[in-house]
Each structure stands twice: as structure tokens, then as C-alpha cells.
Protein chains: 2
Amino acid sequence: MALDDSRKSEDRFQEMLDKLKSLDFRITPQRLAVLRILAASEDHPSAEQIFEKVRAEFPTTSLGTIYKTIVLLKGLNEVLELGFPDGRNRYDGIKPFPHPHVICTKCGKIMDPELMGLDELEEEVSKKTGFIIQNHRLDFFGMCKECQDAT
Amino acid sequence: MALDDSRKSEDRFQEMLDKLKSLDFRITPQRLAVLRILAASEDHPSAEQIFEKVRAEFPTTSLGTIYKTIVLLKGLNEVLELGFPDGRNRYDGIKPFPHPHVICTKCGKIMDPELMGLDELEEEVSKKTGFIIQNHRLDFFGMCKECQDAT
DNA sequence: GTAATTGCAAATGGTTTGCAGCATC
DNA sequence: GATGCTGCAAACCATTTGCAATTAC
């Protein structure tokens with residue numbers, strides 16, 4: 001991880017921690033571990049993956065606590081849940097707002113491409129349908145460079 | 001339903017039926033019922049909703065058979081599955097290819113807005129990430145006109 | 001001290017699976 | 001008549017829930 005990334009991760013961790021403190025939620029070692037991992041994970045980890053990492057530094061933690069912490073952070077808009085119908089949900093604590101994703105259907109890698117023009121699309125949809133749009137989700141599915149080369 | 005819609009629905013039904021026949025799948029009353037309902041449903045029904053409608057005309061049908069038929073049609077690219085992480089999946093047998101959806105978070109209504117420029121977006125993503133894109137999913141979430149007025 | 005949080009275990013629920021009997025071709 | 005399909009019931013499995021014990025404040 002580059003110095004710049006490590007700096008961003010720390011900032012993001014502090015941001016989430018401040019939010020929890022300001023709302024009088026209790027700061028437990030388990031929650032701190034989840035925050036630290038979410039702030040440092042560029043790879044959109046699953047609940048299970050977060051669990052394994054938390055366990056490494058705090059072995060008594062249970063999976064239920066991971067889920068409860070995620071629910072809490074979702075409610076505070078501090079983590080973005082990428083729900084998938086096969087039940088393998090993934091989480092993004094770095095950019096906890098809607099943004100497009102590119103997902104490798106072979107290895108499961110998830111990346112964030114930078115795309116313009118989504119806000120305009122949202123406005124177009126609103127005009128054409130009369131909906132008040134609150135949220136969106138845009139996923140592209142395909143095969144990543146590494147998996148292509150591995151063929 | 002307008003005459004035009006009823007005509008389209010019949011065409012679509014025939015299209016799916018022909019596909020099943022050409023591939024030597026057996027034509028059962030249950031399958032015919034599912035095809036007819038999918039071809040006529042603009043509202044992106046759930047498996048349960050398809051089940052209820054099939055049951056109305058063919059009471060011994062089981063939910064398992066509905067799911068098996070859906071799996072079959074998915075494999076033939078004759079139905080689009082809109083999977084949701086809460087397990088309430090919805091199906092589109094009329095336009096069985098990726099297209100954007102607008103979803104009412106209050107009443108569950110799903111509409112198809114006509115949007116341009118998605119193919120270009122797909123190409124942009126491919127260039128920027130090196131992925132070969134095979135598929136995509138674009139959902140907008142919000143509140144429909146009727147639910148706004150009901151407030 | 002007390003109210004929130006944890007850890008454990010059981011429940012949830014849409015979908016999938018296995019299999020015996022039945023219907024299609 | 002052989003094979004594929006149906007109906008039933010059990011299994012699946014990530015997530016949620018209930019509750020007694022523990023911990024942050």
C-alpha cells in the first residue's frame with residue numbers, strides 16, 4: 001500500500017470513528033477492528049472476509065457481531081452494501097455512496113471505474129417516469145485482465 | 001390491455017414456445033402456462049406471482065416446477081432475472097436482455113425507462129479497466145408517481 | 001451501576017435439490 | 001416404452017434474531 005493510501009485509510013477510519021462517537025455509540029475493540037479493516041480495504045470485502053481479518057487481531061469476535069456492526073454503519077451511511085442475489089454481499093467503507101462497479105465473474109474482483117454523466121442519466125429517468133430517484137446501482141459484469149490472461 | 005399489447009404478447013409466447021420445441025424440450029401444460037404469463041406480464045412478476053397465476057389455470061402445479069421452468073428459460077436467454085439481495089427476485093420474459101429499471105421502494109413497481117448511451121458507457125468501462133464486459137445491470141430506486149400522491 | 005454490546009445458537013425464507021411416480025413424445 | 005418432467009419435502013446458506021453474560025461509559 002502506498003503512503004498516500006495509508007493516509008487516506010487513516011482519515012477514513014477517523015471519520016467513521018468520529019461519527020460513532022458523536023452519536024454516543026460505544027467504542028468496542030470489535031467495532032474498532034471492523035472500522036480499521038473497512039477503511040483500509042479497497043477490495044470490497046464480504047462479511048466473511050471482514051470476519052476473518054477481525055478474528056486475526058481479536059479472536060473471540062463472532063460473525064454476528066460483524067453483521068451487527070455492518071447494519072449499524074449502513075444505517076449511518078458509512079458503508080455501502082453491494083447486495084448480490086446469490087447471497088455473497090460485499091462492502092465498501094471507503095466510498096459509502098452509489099458509484100459504478102466492474103465485477104469479474106471469474107475471480108470476483110470488484111473495481112471502481114470513473115464514469116461521468118450518471119447524474120444526468122438520473123435526471124433523465126426522473127423526467128421520463130415521474131419517479132423521485134433516491135438511489136441507483138450500476139454494475140458491469142465481465143472478465144478482468146488477469147483472468148483473461150490466465151486462459 | 002390494448003390490442004397491440006395482446007398481439008405482442010402472443011408473438012413473444014410463440015417465440016419462446018418455438019425455442020423450446022426446436023431444442024426438443026417437452027411441452028407440458030405447466031410450461032405453456034408459464035410462457036403465456038411471462039409473455040403477457042409487463043410488471044416483472046416474482047416467482048411467487050407467476051406461481052399464483054399458473055395455479056389459477058392449472059391447480060396442481062408446484063412452486064418447484066415454476067423455478068425449474070425459470071432456470072430453463074434463463075439458460076436459453078428467454079427470461080431476464082432481476083435478482084435482489086433480499087431474495088425477492090423478479091422476472092422479465094418480454095425483454096430478456098439487460099436494460100435499465102426504475103424501482104419503487106414503496107410499492108415495488110418496476111418500470112423500463114428508455115435511456116440512450118449505455119453501450120457507450122460499457123465501452124468506456126472496458127477501455128478504462130481492461131475488462132471484457134459481458135453484461136450489466138442498471139437500477140434506479142425511488143418513489144413512483146402514485147406513491148408520491150398517496151402521501 | 002446501567003444500558004449497550006457481545007457471543008452463541010436457533011430461526012428465517014427464497015431458492016435448490018433428490019427422488020419416486022407420471023406424462024410427453 | 002424410454003426419457004424427461006412434475007410434485008413433494010428436505011436441504012441450503014448468508015443473514016437475522018433472541019437472550020444471557022459481559023463491558024463501555
Side-chain angles (χ1 to χ4, degrees), chain A residues 16-35 37-38 44-76 78-91 108, chain B residues 16-35 37-38 44-76 78-91 108:
Chain A
M16 292 193 275
L17 182 53
D18 289 347
K19 176 97 127 206
L20 288 188
K21 281 184 177 169
S22 74
L23 295 171
D24 283 330
F25 289 104
R26 296 201 176 161
I27 308 307
T28 65
Q30 294 90 334
R31 282 181 176 169
L32 284 173
V34 172
L35 293 194
I37 287 157
L38 280 175
H44 308 77
S46 65
E48 192 76 37
Q49 287 170 327
I50 297 169
F51 176 51
E52 295 304 338
K53 287 190 185 176
V54 172
R55 248 196 175 168
E57 47 177 310
F58 206 82
T60 70
T61 311
S62 73
L63 189 53
T65 295
I66 304 295
Y67 277 111
K68 282 167 186 162
T69 305
I70 289 172
V71 168
L72 173 63
L73 292 172
K74 273 197 293 178
L76 303 176
E78 292 296 327
V79 71
L80 179 71
E81 182 177 58
L82 290 180
F84 293 99
D86 67 353
R88 298 157 175 270
N89 296 356
R90 307 271 293 260
Y91 298 91
Chain B
M16 292 193 275
L17 182 53
D18 288 346
K19 176 96 124 202
L20 288 188
K21 281 183 176 169
S22 74
L23 294 170
D24 283 330
F25 290 104
R26 294 197 178 162
I27 308 306
T28 66
Q30 295 88 336
R31 281 183 177 168
L32 284 174
V34 173
L35 294 194
I37 287 157
L38 281 175
H44 308 77
S46 65
E48 193 76 37
Q49 287 169 328
I50 298 169
F51 176 52
E52 295 303 339
K53 288 190 185 177
V54 172
R55 250 197 173 167
E57 48 177 311
F58 206 82
T60 70
T61 312
S62 72
L63 189 52
T65 294
I66 304 295
Y67 277 112
K68 281 167 186 163
T69 304
I70 289 172
V71 168
L72 173 63
L73 293 172
K74 274 197 294 178
L76 302 177
E78 292 296 329
V79 72
L80 178 70
E81 183 177 59
L82 291 180
F84 294 98
D86 67 354
R88 297 158 176 270
N89 296 357
R90 307 270 294 259
Y91 299 91

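All values derive from a computational prediction rather than experimental measurement. Computed over heavy atoms, backbone and side chain alike; hydrogens, waters and symmetry mates excluded. Every chain is numbered from 1, with letters handed out A, B, ... down the list of sequences.
- Checked by distance alone, Lys68(B) brings a side-chain donor or acceptor within 3.5 Å of a matching partner on the base of dG7(D).
- Mapped onto DNA chain D by nearest heavy atom, Arg55(B) and Leu63(A) fall at different nucleotides, with Arg55(B) at the one closer to the 5' end.
- At most 12 non-hydrogen atoms from other residues, nucleotides or ligands lie less than 6.0 angstrom from NZ of Lys21(A).
- Note on Gln30(B): a side-chain N or O is less than 4.0 Å away from OP1 or OP2 of dG7(D).
- The separation between Leu72(B) atom CG and dT16(C) atom C1' is 15 Å, rounded to whole Å.
- Glu52(B) places its CD atom 12 Å from the P atom of dG14(C), with the value rounded to the nearest Å.
- With hydrogens and angles ignored, a donor-acceptor pair closer than 3.5 Å exists between the side chain of Arg26(B) and the base of dT3(D).
- OP1 or OP2 of dT6(D) lies within a sub-4.0 Å distance of a side-chain N or O belonging to Thr28(B).
- Of the residues near DNA chain D, Gly64(B) and Asp24(B), the one whose nearest nucleotide (by heavy atom distance) lies more toward the 5' end is Asp24(B).
- Rounding to the nearest 0.5 Å places CG of Leu63(B) at 8.5 Å from CZ of Arg55(B).
- Of the candidates dT6(D), dT5(C), dT24(C), dT6(D) carries the atom nearest the Arg31(B) side chain, counting heavy atoms from C-beta on.
- Residue Ser62(B) places its side chain closer to dC8(D) than to any other of dT5(C), dT16(C), dC8(D).
- Contact annotation for Pro29(B): backbone-only contact, meaning every heavy-atom pair under 4.0 Å involves sugar-phosphate atoms and none involves a base.
- The residue Ser46(B) sits apart from the nucleic acid: no heavy atom pair falls under 4.0 Å.
- Rounded to an integer number of Å, the gap from CG of Leu20(A) to C1' of dA4(C) is 13 Å.
- If Ile27(B) and Glu81(B) are placed on DNA chain C by their nearest nucleotide, the residue sitting closer to the 5' end is Glu81(B).
- Between the CZ atom of Arg31(A) and the CG atom of Leu73(A) there is a distance of 8.5 Å, given to the nearest 0.5 Å.
- No contact: Asp86(A) has no heavy atom under 4.0 Å from any strand.
- Between the C1' atom of dG14(C) and the CZ atom of Arg88(A) lies a distance of 17 Å, rounded to the nearest Å.
- The nearest whole Å value for the distance from the CZ atom in Phe58(B) to the P atom in dA23(C) is 9 Å.
- A distance of 10.0 Å separates CD1 in Ile50(B) from CZ in Arg90(B), rounded to the nearest 0.5 Å.
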